[in-house]
Amino acid sequence: MVGVALGVVVLVVVLRVERPATLWWRRQALCVQLCASVAASGVLLGVAALASAPYGDWAVPAGWSAAGMVDPESLDTVVVMSGVLLGTLAGTSVMYRIGWFDAGGPLGLRAARWVLGTVVAVAIWYAEREVLPESGASTFVAFAVLALWVQLGAPVLFIRLGLMEPAATAEPAVSAGARSGGGGGHGRGH
C-alpha cells in the first residue's frame, strides 16, 4: 500500500513539475543544460551514497539466502541510472538545439535503423562488460554513452545516412500536460 501511495505522489509531482521544468530547461543556454545534466547525475549518485551510508555494517540475514544474491550496499543500479540520466539529458539537449527528427518512414528504413542502432548499443554494452575494467566509473561512463547514443548519436547518424529525415518542426513530441495551458512559444532558444 505504501508503494502505491508513493507512486501516486510521484505521478502528481511529475504532472505539476513537468511543464515548468521543461520550459525552464529549454530557456537555458546549452552549456547550462550540459552542466545541469552533470549536476543532476552527480546529485543522484550523492544522495544514494548518503542514503546507504548508515547501513555500512549491516549484514544480509541468513534467511534471505533463498532470494539469491542480495547486496543492499551496492550502488550499481544507481550508478547505471545516473549514467543514463546524464546521457539522456545531455543528448536530448543537444538534439533539441540541432533540430529534432522524424522517426517515421518506410518499414525497410525503420528496420535498418533498428538493426544498426541495436548493433551499436550491443557493442557499447559489450565493451562495458568485457573490455572496460570492472568499476563503478566505467559502468557510469558506459551507460552515459549508451543513453547519449540513443538520444543523439543514433538520430544524427541515421539522418546523415539517409535512414531518417529531420523533423518538419524543431519541437520534439511532448506529453499532453506539457502542451496544454497556453503560455507562449517553445522556440529553440539558441
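Note that CD1 of Ile159 and CE of Met164 are 4.5 Å apart. Values are rounded to the nearest 0.5 Å. For the atom pair CG (Leu107) and CH2 (Trp114), the distance works out to 12.0 Å, reported to the nearest 0.5 Å. Separation of atoms CG (Leu152) and OG1 (Thr92) is listed at 8.5 Å; rounding is to 0.5 Å. To the nearest 0.5 Å, atoms CD (Gln33) and CH2 (Trp25) are separated by 6.0 Å. Between the OG1 atom of Thr139 and the CG atom of Leu146 there is a distance of 12.0 Å, given to the nearest 0.5 Å. The CD atom of Glu18 lies 9.5 Å from the CG atom of Leu23; values are rounded to the nearest 0.5 Å.
Put simply, the residue from Val14, Val13, Val12 that forms a side chain to side chain contact (heavy atoms under 4.5 Å, CB included) with Arg16 is Val12.
Taking both residues in full, the closest heavy atoms of Ala142 and Leu132 are given as CB-CD1, 4.5 Å, listed atom of the first, atom of the second, then distance. Across all non-hydrogen atoms, the minimal contact from Leu89 to Ser37 is CB-OG, 3.2 Å. What you find for Arg113 and Phe158 is that their closest heavy atoms are O-CZ, 3.3 Å. Annotation for Leu86 and Ala144: closest pair CD2-CB, 4.2 Å, computed over non-hydrogen atoms. In this structure, Gly105 and Arg110 approach most closely via the heavy-atom pair O-NE, 3.0 Å.
When side chains are defined from C-beta on, Pro166 does not count as touching Asp102, because their heavy atoms never get closer than 4.5 Å. You'll find the side chain of Phe143 stays beyond 4.5 Å of the side chain of Met81, heavy atoms only. Contact of the Leu116 side chain with the Leu157 side chain is registered, since non-hydrogen atoms from C-beta on lie closer than 4.5 Å. With a 4.5 Å cut-off on side-chain heavy atoms, Trp100 and Pro155 do not count as touching.
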Quiz prompt | From CA spacing to verdict: side-chain contact (heavy atoms from CB on, under 4.5 Å), Ile98, Val156 | solution = CA-CA 9 Å; Ile98 64 175; Val156 168; 3.7 Å; yes
Exercise. Take Tyr96 and Arg26, measure what side-chain contact (heavy atoms from CB on, under 4.5 Å) needs, and give me the verdict at the end.
Key: CA-CA 9 Å; Tyr96 179 73; Arg26 287 181 177 176; 3.5 Å; yes
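Checking Ser138 against Glu128 by side-chain atom types alone, no donor-acceptor pair falls below 3.5 Å.
One hydrophobic cluster holds both Leu161 and Val150 under the rule that ILVMFWY side chains link at heavy-atom gaps under 4.5 Å. A chain of hydrophobic side-chain contacts below 4.5 Å, direct or via other Ile, Leu, Val, Met, Phe, Trp or Tyr residues, connects Val38 to Leu45. When hydrophobic clusters are built by joining Ile, Leu, Val, Met, Phe, Trp and Tyr residues whose side-chain heavy atoms come closer than 4.5 Å, directly or via intermediates, Val32 is not grouped with Leu85.
Annotation for Val47: hydrophobic cluster partners, listed by chain and number, are Val43 (ILVMFWY side-chain heavy atoms under 4.5 Å, direct or chained).
Of the possible polar contacts, none joining the Gln151 side chain to the Gly87 backbone as a donor-acceptor pair under 3.5 Å is found. Looking at Ser41, its side chain does come within 3.5 Å of a backbone N or O of Ser82 through a donor-acceptor pair.
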